Amino acid sequence: MSVAVRFAPSPTGLLHVGNVRLALVNWLFARKAGGNFLLRLDDTDEERSKPEYAEGIERDLTWLGLTWDRFARESDRYGRYDEVAAALKASGRLYPCYETPEELNLKRASLVSQGRPPIYDRAALRLTDADRARFESEGRTPHWRFKLEHTPVEWTDLVRGPVHFEGSALSDPVLIREDGRPLYTLTSVVDDADLTITHVIRGEDHVANTAVQIQIFEALANIEGGGAVPVFAHLPLLTDATGQGLSKRLGSLSVASLREEEGIEPMALASLLAKLGTSDAIEPRLTLDELVAEFDIAKVSRATPKFDPEELLRLNARILHLLPFERVAGELAALGLDEADAAFWEAVRPNLSRVAEARDWWAVTHAPVAPAADDPAFLAEAAALLPEEPWDLSTWGTWTGAVKAKTGRKGKDLFLPLRRALTGRDHGPELKNLLPLIGRTRAQKRLAGETA
Ligand code: GLU
């Protein structure tokens, strides 16, 4: 059977680096195996799911280049979940429970106070028809729990290795709410089975869900036939540099804010997230194809990966220093630099951490600059030696060679006053590259101390 994976976010918020890392790992896994990547929106929580978050998820994945082969939305599939729930009820694996949330809290608190694990006591299984009729006549509607087999649940996790749970150590999960709505624990299994997902790759916060869901897969297969249980891989969740979970900083670590506020390039984020927590070194990569070639889920470590925004920014700079003009032309145009060309980009990219910083250098090469012309006699001598145009990358060398010969200056004494006069700054891109962009007319005026 060909490999099929899914990324299944709930559209209840913005994607952050932690979620999108799982999207990327699933996508790389699919592409590496020549398989299929499904985007599934887990939107059965109707109170919290919002269309703008669903759009945001699609926008973020598209920006990263994580194209999907199939798309599904759980809210389109209620009919199917009802059908499965009916079959599970008929087979006795789903049973009605009438406890209120307060009653359940009391039960849990009492177990915990006795030092026992808060496992549901299955009191509802002991109800008689008369008990149920009485609850219903009081106006209670049941929620429905899945009856777990009290047998071991085992799987070989692609990241964690052999995993073992005792069915008896788990609470029978609620699969259908009081209002009849199915819950994620069920809907996810129905979708994974119907859409023949072969590998479920997700965060380690789902390990206990997996134990339960394997039993649901098996129950479904018994009732409906077919359907192998997928292979599972649970990745450790990202933390910040101090080892804390990322949940407190989700806003600032959203993909949207990295893109729109931090000026992060998609391949910087992908290069980092593909390798974080693996045995590979983090290196700038310009295409997803390179990441696919290097990907192997066996390289994912069980140690907790730390996400450091500074590391992302450093990688962003390294990516920019390599990116060809065609890859940033659109971004430059969006900054208003639609006249920027390859020569400009190649001149300034070594000095950028973010594309938006190119605006500063555009102002130096194409807008009036107030020069720091604090050595006028020397600058006048240099101006007199400016070659005629056309200028190219050799002009700077020819010119400063002549200035050196005429004035006897060298090193910093020669170059710094020229830089300060030509750019108004002490540091910046190589003048060999900038000078032809500034042009003779501006250069001459700036060397004369005029704003030009
Ligand atoms: N919607 C679930 C979540 O975002 C999906 C988990 C899964 O991959 O099964 O946590």
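Values in this document were obtained by computation on a predicted structure and should not be read as measured data. Each ligand, and each atom within it, is numbered from 1 in the order the structure gives.
- Under 4.0 Å from ligand 1, not a single heavy atom of Phe7 appears.
- Considering backbone and side-chain atoms alike, Arg40 places every N or O at 3.5 Å or more from each N or O of ligand 1.
- Below 4.0 Å from some heavy atom of Ser188 lie the following atoms of ligand 1, by number and element: 9 (O).
- For Ala8, a nitrogen or oxygen atom sits less than 3.5 Å from a nitrogen or oxygen atom of ligand 1, counting backbone and side chain alike.
- Scanning the protein heavy atoms around atom 8 (O) of ligand 1, the nearest turns out to be Arg6 NH1, 2.7 Å.
- Electrostatic pairing of Arg6 and Asp191 does not count as a salt bridge here, judged by no charged N lying under 4.0 Å from a carboxylate O.
- Remark: Arg327 fails to qualify as a cation-pi partner of Trp345 under the 6.0 Å distance and 45° angle criteria applied to the six-membered ring.
- Salt-bridge formation is not detected for the pair Lys50/Glu52: no Lys NZ or Arg NE/NH1/NH2 atom is positioned less than 4.0 Å from an Asp or Glu carboxylate oxygen.
- Using a cutoff of 4.0 Å between basic side-chain nitrogens and carboxylate oxygens, Arg420 and Asp426 are scored as salt-bridged.
- The protein heavy atom nearest to atom 7 (C) of ligand 1 is Tyr184 OH, 3.3 Å.
- For ligand 1 and Asp42, the ligand atoms under 4.0 Å from any heavy atom of the residue are 1 (N), 2 (C), 5 (C).
- For Arg80 and Glu83, the salt-bridge test passes: some basic side-chain N is under 4.0 Å from an acidic carboxylate O.
- Among all non-hydrogen protein atoms, the one lying nearest atom 10 (O) of ligand 1 is His206 NE2, 2.9 Å.
- Ion pair Glu311/Lys275 not flagged as a salt bridge, since none of the NZ, NE, NH1 or NH2 atoms sits closer than 4.0 Å to an Asp/Glu carboxylate oxygen.
- In summary, Glu99 and Arg145 do not engage in a salt bridge, as defined by a charged side-chain N under 4.0 Å from a carboxylate O.
- Heavy-atom contacts of Arg202 reach the following atoms of ligand 1: 7 (C), 8 (O), 9 (O) (cutoff under 4.0 Å).
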